[in-house]
Amino acid sequence: MDAQSYNTALADLRTVRDKIKKARAELTKLEADRNQRITQLAAYAKAKAERIAPAAGLSVADVVAVAPALAPESLTGNDDAPPPSPAPDTATPPADTEPEPARQPQAATPPASTPHPPQPAPSPTPDTAAPTSAATPATPQAPRTLPSVPEGKPGDAWFTHTPGLASKRPNFTQQARSTVFLDTDTGVLVHRNQTHHLDLGSRSATDILTAVFHTIPEGAERIYITSGAPWHHHANRYPYLRDAVTAWLNAPTPGWRTDTGRGRDRMAGHFVHARNPVARYQREDGSQHVEIRSAGEWFDTEGEGPATIRDAFVLLWQTLRRHWPDAVIMGSPSQTGRDLWTRTIPTRGQYADGFPVLSEELRGLLHATAGQGRNELITPPRVPEQLPQLVEYDRTFAYAKHTWKSPVGTPRRITAATFASWTEKEQTRALYGCGHWQVRVTIPDTWNHVGLLPAPAPGERAWHYPAAPGTTFTTWAGGPEIHTALTNPITPWKVEILDGILWEDGKPLDEWTKKLKETWSSLSAQAQLHGDPQQARAAHLASRAVRSILLYGIGSFAQRPRMVTGTTPRTMERDVPPDAEIIGFDDELITWQRPTGFSRDPNAHPEWAAAIWSGARAALLTQRHRDEDTHAGALHTPPGTVIAFRTDALYLTQPQNWPYHRQPGDYLLRGHLTEPVPAPTTEEELLTLRNAGRAALTATGQEA
C-alpha cells in the first residue's frame with residue numbers, strides 16, 4: 001500500500017465511522033420511540049406484557065422494565081406474603097420477594113484440620129462466552145435472592161426421590177456412526193484413510209451436504225467441521241453470532257428437512273449455539289440422517305488439519321476401548337461421558353437397581369444455588385494498575401481430583417436447630433461430608449485477601465466472591481468451601497448454618513473417573529514420547545478430549561432446565577408463548593425460546609456436579625501436597641497478587657514454586673509474561689494477555 005492508497009483508505013474509514021454514528025443515533029431514537037409506545041400501551045387497563053412483548057421484539061421482563069405497571073400480580077403482591085417455593089424451571093424467586101423469616105442460626109465450629117425439540121442448556125466452556133439473545137436495551141438488575149427450603153412439612157417433603165426414575169446400566173450396545181472430518185476453509189474432507197477436496201460453494205448446509213454425499217455415495221451420519229465455522233459465514237450481517245447461526249441453520253435445504261429423531265436417539269432438531277451449534281437433517285423420504293457438528297466441542301482445533309483431528313478421534317476410541325469394550329464416540333463429550341458412566345453402574349450391591357434421581361424440587365434448588373467454576377477478574381484498585389508480570393497456573397485435569405466421594409442415598413434436611421443440637425464432633429463430621437448448606441457469612445474485619453465463598457450477584461446465574469472486611473451475606477455453598485472458610489491459613493471466617501442438605505458418602509463416579517484418568521495418562525504419555533510429530537499431536541488432542549468428556553460429563557449431570565426454540569409467523573404474533581423470550585425476528589418470522597423445566601432424565605444428578613464444583617473452587621484457594629507436605633492455591637500467595645480465577649486456572653503477579661507431578665489437580669505453569677503489563681480490566685484483555693503469556697512461555701522452550 002502506497003501513501004495515496006493509505007490516505008484513500010483512511011477517508012473510507014471515516015465515512016464508515018460517520019455511518020455508524022448515524023445508525024446508532026437512529027437506533028437510539030427508535031428504541032426511545034418504542035419505549036414511549038410501550039408506556040402508552042401500558043395505560044390501557046387490560047394491557048398485558050405478554051401481548052406487548054412480541055410486538056415490541058422484547059422479552060416480557062424487558063417490557064416490564066420499561067413499564068413496571070405491566071408486572072404480573074405475583075411480582076407486585078403483598079411483601080408480607082411468604083415466598084413461593086422455587087419452581088423447577090426458575091433459577092431464582094422474584095427479586096422483590098422477602099426472604100423467609102430468619103431461622104435460629106448456629107455458628108459452625110471450625111474442624112480440627114415449530115418448536116424445535118428441547119435441548120439441555122450446555123455447560124459453558126471455560127474459555128468461551130458469547131451473547132445469547134438479540135440486542136435489547138440494558139436494564140439495571142436487582143441483586144438476586146437465592147431460594148430456600150420451605151419451613152415445616154412442605155419443605156420436608158422435598159427430601160425424597162422422584163418415583164420410578166433412576167440411573168441404570170444400559171442393556172444395549174451403543175451403535176457407532178459413520179463420521180467424516182471437513183475443513184470448510186480449504187474444502188479438505190477426510191473419510192477413513194482417504195482425503196478428498198470438495199467445492200463447497202457458499203458453505204451453506206445444502207452445499208456441504210450435497211458435496212459430501214456426492215463424494216461419499218454411501219453417505220455419512222456425522223460431519224465434524226474442523227475449521228471454517230460455516231455458520232459464521234455471514235456474521236457481519238447480524239448483530240450477534242447467535243443470530244447468524246440461527247439464520248444458517250434455518251436456511252432452506254432442498255431434499256432435506258430437520259431431523260425428528262429415531263430409535264433410542266431423542267436428540268432431534270437443530271441446537272443453536274454461538275460457536276458450537278448442531279445441525280440435524282434427514283432426507284425428505286427419511287432414508288438418511290446426518291448431523292453437522294463442530295470438532296471444537298472436544299478440543300481447540302486451531303491450526304490442526306482434518307487428518308490429524310481424525311487420528312485424534314481414532315486414538316481416543318482405541319484407548320477408551322481398553323477400559324470399555326463397548327465404548328463408542330458419540331456426538332459430544334457430554335453425551336459420551338454420560339454413556340460411559342452408565343456402563344460403570346454396578347450390577348450387584350446396594351445400587352444394582354440404579355441411582356435414584358432427586359425430587360424435582362431439590363433439583364430445582366440445586367440448579368439455582370450451586371454455581372459452576374469460579375470466574376472472577378480482580379481489577380484496580382484491589383491490584384496494581386501496572387502488574388510487574390503475569391503468571392498463569394492451570395490445574396491439570398482438575399475435576400478428576402474431586403470425584404472420589406459423592407452424595408448418595410436419600411438426603412436429610414439439617415435445620416439450624418438440628419445442627420445446633422449436635423456435638424462439635426458431629427458438626428465437624430457433617431461439614432466434612434457430602435452436604436449443601438445455606439449459611440450466613442461474616443468476613444473478618446482484618447481480612448485482606450480474595451473472597452472465599454460465592455454469593456449471588458445480579459444476573460440469572462451470576463456469582464461473585466465478596467472480600468471486603470466486615471461484609472455479611474447469605475448464600476449456599478458446599479462442604480469443601482465451608483471447610484476452607486473455617487480453616488483457611490489466614491484467619492477463620494464466621495459461618496452460621498441456616499439450613500442444609502446432607503447425604504451419605506458414596507463413590508458412584510469413582511470407577512468412571514479412574515478409567516478416564518488411565519485413558520488420559522496413556523494418551524498424555526503418547527503425546528510426550530511418540531516419534532511421529534503428527535501422531536504425538538493427535539495423542540495430545542485425544543488427551544484433551546478425555547478432559548472434555550469428564551468436564552462436560554459432570555456438567556451434564558447437573559441437568560439444566562431445557563430450552564425450546566421455535567418460530568412464529570409475524571402475522572400470528574398472538575401465538576408466541578407468553579413466557580417466551582424473543583431472540584430474533586425478520587419480516588416473516590419471530591424466533592423465540594422458552595424454558596420447559598426438567599425432563600424425566602434418569603441420569604440427572606445435580607448433587608454430584610455441585611459437590612465436584614465446590615471441591616474444585618475450594619482447591620483454587622488451597623490444596624495440600626502430601627508428599628512434599630506443602631500447600632498450593634490462591635491463599636498461599638501474598639495479598640494483592642491474585643489477578644483472576646478462571647474455572648481451573650489461576651492468574652498471579654508472582655511465580656510460585658508449587659509441586660507438579662503431572663497428576664490431576666496439580667498446578668501447571670501455562671503462561672508467563674516477565675515484563676510489566678497493564679492490569680486487565682475486561683475478560684477480553686485478560687484472554688489477550690493469557691494468549692501472549694502462553695506464547696512467551698512456549699518461546700522459551702518450556703512445556704505448557
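Excluded from the calculations below are hydrogen atoms, water molecules and symmetry mates; all remaining heavy atoms, backbone and side chain alike, are included.
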Are S332 and E297 linked by a side-chain donor-acceptor pair shorter than 3.5 Å? no
Test your reading of the model: is there a side-chain donor-acceptor pair from T682 to the backbone of E685, 3.5 Å cut-off? yes
Is Y351 reaching over with its side chain to a backbone N or O of K168, donor-acceptor style, under 3.5 angstrom? no
For the pair R440 (side chain) and V495 (backbone), establish whether a donor and an acceptor sit closer than 3.5 Å, ignoring hydrogens and angles. no
Side chain to side chain contact (heavy atoms under 4.5 Å, CB included) between T472 and V441: does it pass, once the steps are laid out? CA-CA 5 Å; T472 296; V441 182; over 6 Å; no
Atom pair CD/CG of Q335 and L340 - distance to nearest 0.5 Å: 11.5 Å
The side-chain hydrogen bond (donor to acceptor under 3.5 Å, both in side chains) partners of E628 (sequence neighbours excluded) come to H661
Going by atom type alone, with no hydrogens or angles, which donor-acceptor pairs under 3.5 Å involve a side-chain atom of residues 513-520 and a protein atom two or more places apart or on another chain?
| residue | atom | partner | partner atom | Å |
| --- | --- | --- | --- | --- |
| T513 | OG1 | T403 | OG1 | 2.8 |
| T513 | OG1 | L509 | O | 2.8 |
| K514 | NZ | D510 | OD2 | 3.3 |
| K515 | NZ | H323 | O | 3.3 |
| K515 | NZ | E511 | OE2 | 3.1 |
| E518 | OE1 | H323 | ND1 | 3.3 |
| T519 | OG1 | K515 | O | 2.8 |

Student check: side-chain heavy atoms of P638 and Q654 closer than 4.5 Å: yes
Taking NZ, NE, NH1 and NH2 as the nitrogens, is one of them in R363 or D601 under 4.0 Å from a carboxylate oxygen of the other? no
L551 versus S548: any side-chain heavy-atom pair under 4.5 Å? no
Indicate yes or no for a side-chain donor-acceptor contact from E426 to the backbone of W422 under 3.5 Å, with no hydrogens or angles considered. no
I'd like to know if the side chain of R617 and the backbone of G371 have a donor-acceptor N/O pair within less than 3.5 Å. yes
Determine whether R547 and D648 satisfy the following criterion, salt bridge (Lys or Arg N to Asp or Glu O under 4.0 Å), listing intermediate values before the conclusion. CA-CA 12 Å; R547 173 188 178 275; D648 49 14; 3.4 Å; yes
Hits for ring pair (Phe, Tyr, Trp, His ring centres under 6.0 Å) against Y465, two or more places apart or cross-chain, chain-then-number order -> none
Counting C-beta onward and ignoring hydrogens, is there a side-chain heavy-atom pair between P456 and T475 closer than 4.5 Å? yes
Below 4.5 Å, heavy atoms only, C-beta onward: do T653 and V383 meet side chain to side chain? no
Just by modelled atom types, is the G633 backbone N or O under 3.5 Å from a matching donor or acceptor in the Q623 side chain? no
Assess, by modelled atom type and distance only, whether the side chains of S421 and T418 contain a donor and an acceptor separated by less than 3.5 Å. no
For R395, salt bridge (Lys or Arg N to Asp or Glu O under 4.0 Å) partners two or more places apart: none
Is I643 close to L652 at the side-chain level, that is, under 4.5 Å between some pair of heavy atoms? no
Taking the six-membered ring of F645 as reference, does the NZ or CZ atom of R374 fall below 6.0 Å from its centre and within a 45° cone about the axis? yes
Which of E683, E392, E376 passes salt bridge (Lys or Arg N to Asp or Glu O under 4.0 Å) with R646? It is E683
For F299, what residues pass the ring pair (Phe, Tyr, Trp, His ring centres under 6.0 Å) criterion, not counting sequence neighbours? F313
Residues in side chain to side chain contact (heavy atoms under 4.5 Å, CB included) with N488, at least two apart? W447, L452, I490, W493, L635
Taking atom types as modelled, is there a side-chain donor on S148 or Q438 under 3.5 Å from an acceptor on the other? yes
Side-chain heavy atoms of L358 within contact of P411, under 4.5 Å: yes
What residues, two or more places apart in sequence or in another chain, satisfy salt bridge (Lys or Arg N to Asp or Glu O under 4.0 Å) together with D300? none
What do the steps show when you test T369 against H436 for side-chain hydrogen bond (donor to acceptor under 3.5 Å, both in side chains), and what is the final call? CA-CA 9 Å; T369 61; H436 190 57; 3.0 Å; yes
Who passes ring pair (Phe, Tyr, Trp, His ring centres under 6.0 Å) against W503, sequence neighbours left out? none
Donor-acceptor pair, side chain of S167 and main chain of P602, under 3.5 angstrom: yes
Less than 4.5 Å apart, side chain to side chain, heavy atoms only: is that true for H483 and L431? no
Mind checking what makes salt bridge (Lys or Arg N to Asp or Glu O under 4.0 Å) contact with D666, not counting sequence neighbours? none
Can you confirm whether T442 sits close enough to F473 that some side-chain heavy atom of one is under 4.5 Å from a side-chain heavy atom of the other? no
Quick one: does any side-chain atom of Y667 pair with a main-chain N or O of A649 as donor and acceptor, under 3.5 Å? no
Could you tell me whether a side-chain N or O of W613 sits under 3.5 Å from a main-chain N or O of I554, the two making a donor and an acceptor? no
Hits for ring pair (Phe, Tyr, Trp, His ring centres under 6.0 Å) against W608, two or more places apart or cross-chain, chain-then-number order -> W341, F355, F557, H605
Before giving the answer on side chain to side chain contact (heavy atoms under 4.5 Å, CB included), spell out for H273 and N276 the whole-Å C-alpha distance, their side-chain angles and the decisive distance to 0.1 Å. CA-CA 5 Å; H273 186 275; N276 295 315; 4.0 Å; yes
Report yes or no: does T410 contribute a side-chain atom to a donor-acceptor pair with the main-chain N or O of T160 at less than 3.5 Å? no
Stepwise, does the side chain to side chain contact (heavy atoms under 4.5 Å, CB included) test hold for Y651 with V642? CA-CA 6 Å; Y651 297 82; V642 178; over 6 Å; no
Pairs satisfying side chain to side chain donor-acceptor pair (under 3.5 Å), at least one member in residues 629-645, at least two apart: T622-H636, R624-D629, T637-T641
Going by the rule salt bridge (Lys or Arg N to Asp or Glu O under 4.0 Å), which residues pair with E607 if we only count those two or more places apart in sequence or in a different chain? none
